[in-house]
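This is a predicted model, so every value here is computed, not measured. Letters go in sequence order (proteins before strands), and every chain restarts at 1.
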Amino acid sequence: MLQQTPVDRVLPVWQSWLERWPSAPALAQASQADALRAWGRLGYPRRAIRLHAAARAIVAEFAGQVPDTYEELRRLPGVGDYTAAAVLAFAFGQRSVVLDVNVRRVLRRAMDGIEHPTPATTAAERALAESLLPRRHDSAARWSAAVMELGALVCTSRSPKCGDCPIAQDCTWLNAGSPTGERPRQQAKFTGSDRQVRGLIMAALRDSPVAVQSIDYVWPDEAQRLRALVGLMSDGLIVETTKGWTLPQ
DNA sequence: CAGCCGTGGCG
DNA sequence: TCGCCAAGGCT
């Protein structure tokens, strides 16, 4: 849920989700449609499908127990480098290099003196993080949590609160006068995009099925609407039934 | 590797 | 108002 989504927005959904499905086997028994509805408006609904699929994989391949190795975690749908590393550190207390956008930004500024990290994680960056990570396992997980928090609350992308920063004296970027760097990546416009159309379709189907001949009220442009429907279908987020378009059961 | 995938709050 | 950006992952 936290992938590309602020903690404050995730928290209420996460709580009700775990109340309803407190374990992987519990989630595995739910329908995809129920998972998608419980996901609500968190965004990127493919994550809900992947989380649900991961729960079923955990049941099928790991006897219902979340695996505790990097390789096994990475086999689960929706689990990439960051998520696998985070689960190892924060759920299992292992020493793993957790490189999310917050950690990357803090290290970039403090150590390299550059405002923004590159779009993709580099080998040098990984080596640096590894060299800074405490050797003790419990200290390592605590360090990662602390740096992530520092990046999320103080060393933010826009208007960082350097006055509140505990490592301000040692920050290369701040000591260099906080030079403006290049933007990491520009995000495509959302209004009028296929993403918006997909979101509108998903929002409608979370409430109830929509008859095939009635779906055009969601978005007038037929070509774009069709593109969104085909995409959502191929992503396994919607299906066409006798009742019309619905969430997958 | 670049492009794509939601949503909402904030400056 | 509107662009920026958020505990990434996948193709």
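Here A/Q4 does not reach the OP1 or OP2 of C/dA6: none of its side-chain N or O atoms lies under 4.0 Å away. Neither OP1 nor OP2 of C/dC5 sits under 4.0 Å from any side-chain N or O of A/T156. Taking side-chain N and O atoms only, A/S159 has no distance below 4.0 Å to OP1 or OP2 of B/dG11.
Across C/dG8, C/dC10, C/dC5, the shortest atom-to-atom separation from the side chain of A/H116 is found for C/dC5. Comparing atom distances between the A/R198 side chain and each of C/dG9, B/dC5, C/dA6 picks out B/dC5 as nearest. You'll find that the side chain of A/R50 is closest to C/dC10, out of B/dG6, C/dC10, C/dC5. Nearest nucleotide to the side chain of A/R158, out of B/dG6, B/dG9, C/dG9: B/dG9. Checking B/dT7, C/dG8, B/dC5 against the side-chain heavy atoms of A/R46 singles out B/dC5 as nearest. Among the nucleotides C/dC5, C/dG9, B/dC5, the one closest to any side-chain atom of A/R195 is B/dC5.
Distance SG/A/C165 to CG/A/L153: 11.5 Å, rounded to 0.5 Å.
Looking at heavy-atom distances under 4.0 Å, A/P119 makes no contact with the nucleic acid at all. Looking at heavy-atom distances under 4.0 Å, A/D8 makes no contact with the nucleic acid at all. In this structure, A/G80 reaches the sugar-phosphate backbone alone: every heavy-atom distance under 4.0 Å involves primed, P, OP1 or OP2 atoms, never a base. Residue contacts for A/R104: at a heavy-atom cut-off of 4.0 Å it reaches no nucleic acid atom on any strand shown. At a threshold of 4.0 angstrom between heavy atoms, the contacts of A/T5 include nucleobase atoms, whether or not backbone atoms are also involved. Residue A/V101 is in sugar-phosphate contact alone, with no base atom involved, counting any heavy-atom pair closer than 4.0 Å across all strands shown.
When the P atom of B/dC4 is taken as reference, atom CG of A/D235 falls 14 Å away, rounded to whole Å. As rounded to whole Å, 8 Å separates atom P of C/dC4 from atom CD of A/Q186. Counting to the nearest Å, the P atom of B/dT7 and the CD atom of A/Q196 are 9 Å from each other. Between the P atom of C/dA6 and the CG atom of A/L153 lies a distance of 12 Å, rounded to the nearest Å. One atom, CZ of A/R206, and another, P of B/dG6, lie 10 Å apart when rounded to the nearest Å. One can place CD of A/Q187 at 16 Å from P of B/dG9, the figure rounded to the nearest angstrom. Between A/R47 atom CZ and B/dC4 atom C1' there is a gap of 14 Å when expressed in whole angstrom units. Whole-Å rounding puts the A/R74 CZ to C/dG8 C1' distance at 11 Å.
Of the P atoms belonging to B/dG6 and C/dT11, the separation is 14 Å, rounded to the nearest Å.
Positionally, the nearest nucleotide of DNA chain C for A/R9 lies more toward the 5' end than for the other of A/R9 and A/V79. Take the nearest nucleotide of DNA chain C for A/G78 and for A/P6: the residue whose nucleotide is more 5' is A/P6.
Results of the salt bridge (Lys or Arg N to Asp or Glu O under 4.0 Å) test with A/D235 over A/R47, A/R46, A/R50 single out A/R46 as the only residue that passes.
Around NZ of A/K161, the count of heavy atoms belonging to other residues, nucleotides or ligands within 6.0 Å exceeds 12.
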Problem set entry | Candidate pair A/E130 and A/R95, rule salt bridge (Lys or Arg N to Asp or Glu O under 4.0 Å), full reasoning | CA-CA 10 Å; A/E130 158 66 30; A/R95 184 178 185 276; 3.2 Å; yes
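Between the side chains of A/T118 and A/R104, at least one donor-acceptor pair of N or O atoms lies under 3.5 Å. If you check the side chains of A/R108 and A/H116, you find no donor sitting under 3.5 Å from an acceptor.
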